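Counting starts at 1 for both ligands and their atoms, following the listed order. This structure is a prediction, so every number in the text was calculated from the model and none was measured. Below, all heavy atoms of this structure are taken into account, side chains as well, without hydrogens, waters or symmetry copies.
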Amino acid sequence: MGNIKEVLISEDKIQNRILELAQAIEKDYDGEILMIGILKGSTLFMADLVRKINKNVHMEFMQVSSYEGAESTGNINIKKDVETELVGKDVLIVEDIIDTGNTLGYLIENLKQRGAKSVEIVTLLSKPARRLKEIECKYIGFEIEDKFVVGFGMDYNQNYRNLPYIGIYDNSEENI
Ligand code: IMP
Ligand code: MG
């Protein structure tokens with residue numbers, strides 16, 4: 001298993017929680033939901049989530065990158081944008097994990113400015129201890145401690161995304 005120190009959340013627990021999130025979302029929305037997955041980390045979560053929502057769902061994707069300077073300024077660059085009109089839409093952003101909150105803070109503002117009727121967030125994980133920007137997230141799968149995690153879409157240098165569970169990554173020895 002390379003550098004996976006321990007399994008933090010098992011495949012079963014993830015799937016059970018996704019079903020609960022899907023049921024809550026299904027109840028809260030009347031009409032169509034425009035779900036925007038943030039590439040690449042949210043893909044596995046989104047694929048399972050949409051299949052459990054018994055309602056008309058449209059799927060779009062965005063890819064963003066944080067500004068990589070000496071300081072984390074929260075400057076975000078859109079590398080891939082949605083391919084549909086946002087005006088009047090009920091948007092649900094799908095994220096793998098909220099860390100500092102910089103990415104989502106920017107995205108929420110951006111999508112609202114472009115005319116979305118509502119913008120909510122569903123995230124599989126949240127690390128509240130790391131938050132720099134307060135984010136109102138309506139649907140959270142699991143709150144976790146400040147540990148670097150991989151699997152179920154999340155990566156370390158593009159590795160481990162395909163693990164069906166969430167594991168704690170141990171970078172004490174850099175060998176995969
Ligand atoms: P934020 O803007 O700091 O909230 O960045 C969140 C993004 O950082 C997530 O969408 C992930 O891509 C990445 N990230 C944050 N924490 C982890 C982690 O523990 N494992 C893998 N990716 C992470
Ligand atoms: Mg991400």
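- Interface of T103 with ligand 1, defined as ligand atoms under 4.0 Å from a residue heavy atom, comprises 1 (P), 2 (O), 5 (O).
- Residues I140 and L104 do not share a hydrophobic cluster, clusters being chains of Ile/Leu/Val/Met/Phe/Trp/Tyr side chains in contact below 4.5 Å.
- Remark: ligand 1 atoms within the under-4.0 Å shell around heavy atoms of K147 are 19 (O).
- Proximity of a side-chain donor or acceptor of E83 to a complementary backbone N or O of E60 within less than 3.5 Å is not detected.
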Next on the checklist: With side chain to side chain contact (heavy atoms under 4.5 Å, CB included) as the criterion, how do I9 and L124 come out once you've worked through the C-alpha distance, each side chain's angles and the decisive distance to 0.1 Å?
Outcome noted: CA-CA 11 Å; I9 310 173; L124 182 58; over 6 Å; no
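- Geometrically, ligand 1 and D155 share no nitrogen or oxygen pair separated by less than 3.5 Å.
- Residue K127 has at least one heavy-atom neighbour below 4.0 Å for each of these atoms of ligand 1: 16 (N), 17 (C), 18 (C), 19 (O).
- Distances below 4.0 Å separate heavy atoms of E95 from the following atoms of ligand 1: 10 (O).
- For Y165 against E11, the heavy-atom pair with the smallest separation is CB-N, 4.0 Å.
- One finds the CD1 atom of I166 at 8.0 Å from the CD1 atom of I97 (value rounded to the nearest 0.5 Å).
- K55 places a side-chain N or O within donor-acceptor distance of the main-chain N or O of Y29, the cut-off being under 3.5 Å.
- Residue contact check: G101 has heavy atoms under 4.0 Å from atoms 1 (P), 3 (O), 4 (O) of ligand 1.
- D28 and Y139 form a side-chain donor-acceptor contact under 3.5 Å, judged by distance and modelled atom types alone.
- Not a single heavy atom of G41 sits under 4.0 Å from any atom of ligand 1.
- Taking every non-hydrogen atom of D96 and a distance limit under 4.0 Å, the qualifying atoms of ligand 1 come out as 9 (C), 10 (O), 11 (C), 12 (O).
- Taking only nitrogen or oxygen atoms, main chain and side chain alike, V150 does not reach within less than 3.5 Å of ligand 1.
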Item to check | Intermediate values then yes/no, salt bridge (charged side-chain N to carboxylate O under 4.0 Å, His left out), K112 and E109 | outcome: CA-CA 5 Å; K112 281 186 178 161; E109 272 318 300; 5.1 Å; no
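- The residue R130 has no part lying near ligand 1, judged by heavy-atom distances below 4.0 Å.
- Residue-level proximity to ligand 1 for I38 is absent, since no heavy atom of it falls below 4.0 angstrom.
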